[in-house]
Amino acid sequence: MSEERLPQGSQIWLGDSEGTPPHWGGVPRTAEVLGRRRLPAGAGGILVRLEPPLPRTNGEPLSVAILMGRSSSDRFDALSERPIVVNVLAPAAGVDIAKNEFADGELIIQYCPDAAATPDVLPKPIDEAAFWAETLNRIREYIETHGDSRVPAHYADARGRLDVIVENLRWHHAGHGGVSPGPFPGIDYAADLDRLPGWEW
């Protein structure tokens with residue numbers, strides 16, 4: 001399904017957005033194709049109507065936007081085979097989203113979601129609470145087995161690398177993440193670790 005073969009009225013499904021810009025909550029959206037658009041540097045984009053509209057921190061919810069592949073490998077013709085990642089672009093102040101061609105600075109990335117031809121192939125959003133419970137249990141098992149919380153470099157258990165996760169937790173706890181919400185947004189991982197016998201920052 002290339003950009004040229006996405007007829008007006010066809011649908012693309014959008015899943016949760018990752019990282020920065022922030023999540024919109026994981027509720028899939030449909031993006032009805034309204035037509036092709038020319039973007040800066042010769043890139044191609046697709047004008048779409050979003051249902052339900054996407055929330056924005058500044059301004060009205062986004063009901064019409066431009067989609068473009070996030071990277072050169074994220075092409076719309078791959079949608080029939082696999083999900084891709086797209087940029088959801090909104091117009092800068094005073095720019096008409098319906099025009100056919102855009103110059104540098106006229107579009108602003110709002111989200112970077114997964115896109116798919118059908119909703120059933122969209123990646124499932126991560127359940128942060130369940131992932132943290134599993135991670136905390138892995139750290140507990142490590143402490144019980146090794147007698148301390150100093151996970152060495154390159155250490156992995158049956159579920160994968162643990163050293164990177166523990167290092168990331170300590171790094172954020174030390175304040176190196178700045179205003180970042182940390183590795184488990186909305187979860188007080190520090191309090192859970194403080195209660196864990198044998199844990200040391």
Side-chain angles (χ1 to χ4, degrees), residues 1-132 160 180-186:
M1 203 184 330
S2 71
E3 290 166 25
E4 294 81 6
R5 295 183 193 148
L6 285 170
Q8 186 170 348
S10 61
Q11 283 190 340
I12 299 170
W13 285 84
L14 302 180
D16 201 8
S17 178
E18 296 183 12
T20 304
H23 296 267
W24 66 50
V27 177
R29 260 71 175 174
T30 57
E32 178 189 352
V33 175
L34 301 176
R36 292 188 69 224
R37 295 298 184 261
R38 189 174 213 41
L39 306 182
I46 299 171
L47 181 68
V48 295
R49 178 176 293 111
L50 301 166
E51 184 59 44
L54 289 171
R56 289 198 287 179
T57 53
N58 296 320
E60 293 294 314
L62 192 60
S63 59
V64 177
I66 304 279
L67 301 183
M68 69 174 288
R70 180 94 170 133
S71 70
S72 59
S73 64
D74 292 320
R75 299 179 47 82
F76 289 101
D77 55 3
L79 281 176
S80 60
E81 303 163 14
R82 62 178 174 82
I84 65 170
V85 179
V86 296
N87 289 332
V88 177
L89 306 168
V95 175
D96 181 6
I97 191 69
K99 68 183 198 169
N100 290 319
E101 192 166 332
F102 295 88
D104 280 334
E106 290 190 319
L107 296 170
I108 302 163
I109 297 174
Q110 297 293 299
Y111 290 101
C112 307
D114 296 303
T118 59
D120 55 310
V121 297
L122 284 171
K124 302 296 181 248
I126 294 173
D127 182 335
E128 297 284 354
F131 183 45
W132 170 241
S180 163
F184 294 93

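Keep in mind that what you see is a predicted model, and the values were worked out from it rather than measured.
Here the straight-line distance linking atom CG of Leu67 with atom CG of Leu39 works out to 10.0 Å at 0.5 Å rounding. Atom CD in Gln8 sits 9.0 Å away from atom CG in Leu47 (nearest 0.5 Å). Note that CG of Leu54 is 8.5 Å distant from CD of Gln110, once rounded to the nearest 0.5 Å. Interatomic distance, CG of Leu89 versus CZ of Arg37, reported as 13.0 Å (0.5 Å rounding). One finds the CD1 atom of Ile66 at 9.5 Å from the CD1 atom of Ile46 (value rounded to the nearest 0.5 Å). Here Leu62 contributes atom CG and Ile97 contributes atom CD1; the two are 7.5 Å apart, rounded to the nearest 0.5 Å.
Of all heavy-atom pairs between Ala65 and Val88, the closest is CB-CG1, 3.8 Å. Heavy-atom minimum distance, Pro53 versus Arg29: O-NH2, 3.1 Å. Pairing each heavy atom of Cys112 with each of Asn87, the nearest pair is SG-OD1, 3.6 Å. Contact between Ala92 and Gly105 at its shortest, heavy atoms only, is CB-O, 3.6 Å. Residues Ala116 and Leu122 come closest through the heavy atom pair CB-CD2, 3.7 Å. Between Pro113 and Gly15, the closest heavy-atom pair is CB-O, 3.3 Å.
A heavy-atom distance below 4.5 Å is found between the side chains of Phe76 and Ile12.
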Walk me through it: do Leu50 and Leu14 pass the test side-chain contact (heavy atoms from CB on, under 4.5 Å)?
CA-CA 9 Å; Leu50 301 166; Leu14 302 180; 3.7 Å; yes

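Every pair passing salt bridge (charged side-chain N to carboxylate O under 4.0 Å, His left out) that includes a residue from residues 78-107 is listed here, sequence neighbours excluded: Lys99-Glu106. Annotation: salt bridge (charged side-chain N to carboxylate O under 4.0 Å, His left out) contacts involving residues 58-68, sequence neighbours excluded, are absent.
Among residues two or more places apart in sequence or in another chain, the side-chain contact (heavy atoms from CB on, under 4.5 Å) test is passed with Thr30 by Gln11, Trp13, Glu51.
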